[in-house]
Amino acid sequence: LSIKLSPGLREIGYQAFFDFRGLKVVNIPATVEEIEAGAFGNCVSLEGITVGRGVFSIGGDAFRACKALKEIKLPDSLISIGDRAFLGCESLESIKIPRLVNCIGELAFSHCESLVKIEVDEKNFFFTSFCGALFSKNMETLIKYPAAAAGSNFLMPERVKTVCDEAFLETKQLKRIFISDNLEQIEGDCFVPLPRDAEPKRIASYVEIGSLYGRISVFERDGVYQIYCKAMQEDGIGDLYAKYERLKAKLEEEGLFDKK
């Protein structure tokens, strides 16, 4: 089923098409300014959507669990992307953040297991992209590493101080992360929740830890312990080998080993 919305429409309301499982294609006119929370949530058959050039806000959960959605071109007018806006879009392969976007909500691109890269318009003042991952403009916050990004190693930029909740969740090829020396905070379930039967030195399906250096604090109100990691070292490797791998990953990013 394909739907072309009427010209003159100003907004698409809260859960307007929620759980409309037969919907495959939508054309949103340029007059629409806002797509409210949950507007197309759980439209599991939605494959294509044309977003009009007037949209400035995409609400929370707006396209949540649109499992068949492979691509969406965000308009240059867009300013805000809400919490979990594209969470669970399992077929989404890439997305580009327009230059005016100044707010991206929590977990906006979480559980997008086919996501290869997140691009950002180079004129955007608030966000940037590096190796396909989404960062704050000053590179101090790593917001999201695409789950399907190529490469088994990731060299975290030295400026990074914070890694956001679920930033590395469900990555497919990533095996080793070289942590920034300036890292101060890892939020929430940055990798994956630790299974009860997991090996003590395994904190994610792709990260095995032999030594972890940092500090522990307590959130007194809830009695919850927090671990602030400054460095990790895999079992069986020394500092010299780790430095070698870090240099190798850096040179790979610069294309020095590109066979082309």
Side-chain angles (χ1 to χ4, degrees), residues 11-12 28 30-37 39-40 48-64 66 69-89 92-112 114-151 154-169 171 180 182-188 190 253-255:
E11 64 181 36
I12 299 175
I28 299 176
T31 54
V32 172
E33 297 178 347
E34 184 175 7
I35 301 174
E36 294 189 1
F40 295 95
I49 183 164
T50 301
V51 182
R53 62 180 182 273
V55 172
F56 66 83
S57 175
I58 294 177
D61 303 295
F63 297 97
R64 181 172 182 168
C66 290
L69 187 64
K70 290 186 176 182
E71 61 179 350
I72 180 171
K73 184 177 181 181
L74 302 178
D76 291 337
S77 57
L78 190 64
I79 295 174
S80 175
I81 298 173
D83 295 346
R84 306 171 302 279
F86 296 94
L87 184 146
C89 290
L92 189 64
E93 296 178 354
S94 65
I95 194 162
K96 184 171 183 177
I97 310 300
R99 65 187 181 90
L100 296 180
V101 173
N102 60 27
C103 178
I104 298 177
E106 294 183 358
L107 310 182
F109 305 107
S110 191
H111 297 277
C112 294
S114 299
L115 193 61
V116 175
K117 61 181 178 179
I118 302 172
E119 297 180 282
V120 179
D121 190 300
E122 60 183 20
K123 295 181 180 178
N124 189 291
F125 290 133
F126 300 91
F127 302 98
T128 190
S129 179
F130 174 74
C131 294
L134 179 63
F135 294 81
S136 59
K137 188 67 174 183
N138 59 12
M139 299 285 284
E140 291 185 358
T141 301
L142 196 168
I143 300 168
K144 182 63 181 174
Y145 183 90
F154 178 66
L155 179 64
M156 190 178 294
E158 285 300 316
R159 292 185 186 180
V160 175
K161 294 182 179 180
T162 301
V163 179
C164 291
D165 190 15
E166 298 192 2
F168 290 99
L169 186 70
T171 55
S180 161
N182 296 312
L183 187 65
E184 297 176 356
Q185 183 175 11
I186 297 177
E187 297 179 349
C190 170
E253 292 298 336
E254 294 174 356

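Note: Ile58 CD1 to Glu34 CD = 10.5 Å, rounded to the nearest 0.5 Å. Atom NZ in Lys70 sits 9.0 Å away from atom OG in Ser114 (nearest 0.5 Å). Atom CD1 of Ile72 and atom OG1 of Thr50 lie 9.0 Å apart (nearest 0.5 Å). Summarising the geometry, atom CD1 belonging to Ile97 is positioned 6.0 Å from atom CG belonging to Leu134; distances are rounded to the nearest 0.5 Å. Annotation: the span from Glu140 atom CD to Lys161 atom NZ amounts to 4.5 Å, rounded to 0.5 Å. Here the CD1-CZ distance, from Ile118 to Phe86, works out to 11.0 Å after rounding to the nearest 0.5 Å.
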Would Glu187 and Thr162 count as a side chain to side chain contact (heavy atoms under 4.5 Å, CB included) if you check the C-alpha gap in whole Å, the side-chain angles of each, and the deciding distance to 0.1 Å? CA-CA 7 Å; Glu187 297 179 349; Thr162 301; 3.6 Å; yes

Go through the steps to decide whether His111 and Leu169 satisfy the test side chain to side chain contact (heavy atoms under 4.5 Å, CB included), and finish with yes or no. CA-CA 7 Å; His111 297 277; Leu169 186 70; 3.4 Å; yes

Please step through side chain to side chain contact (heavy atoms under 4.5 Å, CB included) for the pair Leu87 and Ser110, ending with a clear verdict. CA-CA 5 Å; Leu87 184 146; Ser110 191; 4.1 Å; yes

Checking side chain to side chain contact (heavy atoms under 4.5 Å, CB included) for the pair Ile28/Phe40: CA distance, chi angles, key distance, verdict? CA-CA 12 Å; Ile28 299 176; Phe40 295 95; 4.2 Å; yes

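The two residues Tyr145 and Ala150 come nearest to each other via the heavy atoms OH-O, 4.0 Å. Closest of all the heavy-atom pairs between Cys112 and Gly88 is SG-N, 4.4 Å.
Although no hydrogens or angles enter the test, the distance criterion places a donor-acceptor pair under 3.5 Å between the side chain of Ser77 and the main chain of Arg53. No donor-acceptor distance shorter than 3.5 angstrom exists from the side chain of Lys117 to the backbone of Ala149, with no hydrogens or angles considered. With hydrogens and angles ignored, the 3.5 Å screen pairs a side-chain donor or acceptor of Asp83 with a backbone N or O of Glu106. Checking side-chain atoms of Asn124 against main-chain N and O of Pro98 turns up a donor-acceptor pair under 3.5 Å.
When ring centroids are compared, Phe135 and Phe127 stay outside the 6.0 Å threshold.
Residues that satisfy the side-chain hydrogen bond (donor to acceptor under 3.5 Å, both in side chains) test with Ser129, not counting sequence neighbours, are absent from this structure. With sequence neighbours excluded, the residues forming a salt bridge (charged side-chain N to carboxylate O under 4.0 Å, His left out) with Glu33 are Arg10, listed by chain and number.
Contact check for Leu107 versus Asp165: side-chain heavy atoms found under the 4.5 Å cut-off. Contact annotation: the side chain of Leu115 approaches that of Phe109 to within less than 4.5 Å [non-hydrogen atoms, C-beta and beyond]. Side-chain contact check for Ile49 versus Leu69: some heavy-atom pair is nearer than 4.5 Å. At a threshold of 4.5 Å between non-hydrogen side-chain atoms, the residues Leu100 and Phe56 do not count as touching. Counting heavy atoms from C-beta outward, Val55 and Leu74 have side chains that stay 4.5 Å or more apart. Side chains of Val116 and Pro146 form no contact here, defined as non-hydrogen atoms less than 4.5 Å apart. Phe168 places none of its side-chain heavy atoms less than 4.5 Å from the side chain of Ile186. You'll find the side chain of Ser136 stays beyond 4.5 Å of the side chain of Phe126, heavy atoms only.
Residue Lys73 places its NZ atom among 12 or fewer non-hydrogen atoms of other residues, nucleotides or ligands, all under 6.0 Å distant. In Glu158, the CD atom is crowded: over 12 heavy atoms of neighbouring residues, nucleotides or ligands sit closer than 6.0 Å.
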